[in-house]
Structure formats: structure tokens, C-alpha cells
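All remarks here apply to the structure that follows.
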Amino acid sequence: MALEYSIEQVREFFYEHFPLIKGVMDIVELGDGFATITLDGTNPNFIRPGNTVSGPAMFTLADVGSYLAIIGKTGEAGLMAVTSNCAMDFIRKPEVGLVTGKFEVLKFGRTLTVTDGRIYTGDVLVARTNFTYAMPKAK
């Protein structure tokens, strides 16, 4: 399925509706069931003691990235998808710096959609995610 909107249009929508991510997250790639986004892991709001990127910041990246992968698959129909389950494995300590998340839709269903994600600092895998979203009922 071709994207209904350009990355710039999706970016503008996100910054309008989720203003907390403006200036700290960016959409790098968006396509049919996948998304790559980045987080500014040098932002002092995301650094925890031990000079590492906080878990809540990485979780936010994962939720936004998974949601974007669904929008890449469904277009406007995915806007009303809501997180119904999530799991995150923290594998290594993330270094302060640019954090990149790569997310894909594993199963697209009428009622539930499952995504998988990988989060990196540089080339180092620091976390793995699995999200399930409840999909809106078809009209």
C-alpha cells in the first residue's frame, strides 16, 4: 500500500497533536508497515543518573515508532489505534546520544495489530520491543 501522506505531512500531524515530541523526535523513514525514528538522547530531560538514556524516553520512542509503523500500513485508518499491550527488553545500557528505533508491523488484523521494534545507540542494539494495538472498528 502506498503511503497516503508524505513524511513531512505525518511529521506536521504528530507535532501538532503530540507537541512534546517536537524537537526531540524525528521521522527518518516511513513506509508500508515500517517506520524508523530518532530521539535526541542528549536532551537533559531524557538522561538519568549513570549518564544513560532513561527507560521512559526509550519507551516513548517505541510507542511512537510502533504507532507510526501502523499508520504506514493503514494510513488514516490507523490514527485511532490504541496501545493494548507492550513489552520491552532492555538489552544494554544506552549511551547518551542519538537513539534510533526501527519498527515494523508483524501482524495486521481487523481487531489487533502486532509490532516489533529494535532500538539502537549508534550500531549497538540497546532494547527490543513488542506492542499490540487495538484497531478501530471498521465503519
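As a basis for the values below, the full set of heavy atoms in this structure was taken, side chains included, without hydrogen atoms, waters or symmetry mates.
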Can you name the closest pair of heavy atoms from [X] and [Y] and give their distance?
X      : Y      : answer
Met88  : Ala127 : CE-CB, 3.9 Å
Tyr67  : Ala81  : CE1-O, 3.7 Å
Val126 : Met58  : CG2-SD, 4.0 Å
Ala35  : Ala69  : CB-N, 3.8 Å
Pro94  : Thr121 : CB-CG2, 3.8 Å

Examine [X] and [Y] and state if one hydrophobic cluster contains both, with Ile, Leu, Val, Met, Phe, Trp and Tyr joined whenever side-chain heavy atoms are less than 4.5 Å apart.
X      : Y      : value
Met80  : Tyr133 : no
Ile27  : Tyr15  : yes
Val24  : Val99  : yes
Phe90  : Leu61  : yes
Phe108 : Leu30  : yes

Check whether any side-chain heavy atom of [X] lies under 4.5 Å from a side-chain heavy atom of [Y], and answer yes or no.
X     : Y     : value
Ile71 : Phe14 : yes
Thr60 : Met25 : yes
Leu79 : Glu76 : yes
Val64 : Phe18 : no

With rounding to the nearest 0.5 Å, note down the distance linking [atom1] in [X] to [atom2] in [Y].
X      : Y      : atom1 : atom2 : value
Thr113 : Lys107 : OG1   : NZ    : 6.5 Å
Thr100 : Arg118 : OG1   : CZ    : 14.5 Å
Arg11  : Gln9   : CZ    : CD    : 11.5 Å
Ile119 : Phe103 : CD1   : CZ    : 4.5 Å
Lys137 : Thr111 : NZ    : OG1   : 8.5 Å
Thr129 : Asp116 : OG1   : CG    : 6.0 Å

Looking at Lys22, I'd like to know if its NZ atom is crowded, meaning that more than 12 non-hydrogen atoms belonging to other residues, nucleotides or ligands lie closer than 6.0 Å.
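Count not over threshold, so no.
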Look at the side chain of Asp40 and the backbone N and O of Thr42, then say whether any donor-acceptor pair between them is shorter than 3.5 Å.
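Yes; judged by distance alone, with no hydrogens or angles, the pair exists.
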Between the main-chain N or O of Thr132 and the side-chain N or O of Ser84, is there a donor-acceptor pair closer than 3.5 Å?
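Side chain of Ser84 to backbone of Thr132, a donor-acceptor pair under 3.5 Å: yes, one is there.
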What residue among Thr74, Leu112, Val82 forms side-chain contact (heavy atoms from CB on, under 4.5 Å) with Met135?
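Option passing the side-chain contact (heavy atoms from CB on, under 4.5 Å) with Met135: Thr74.
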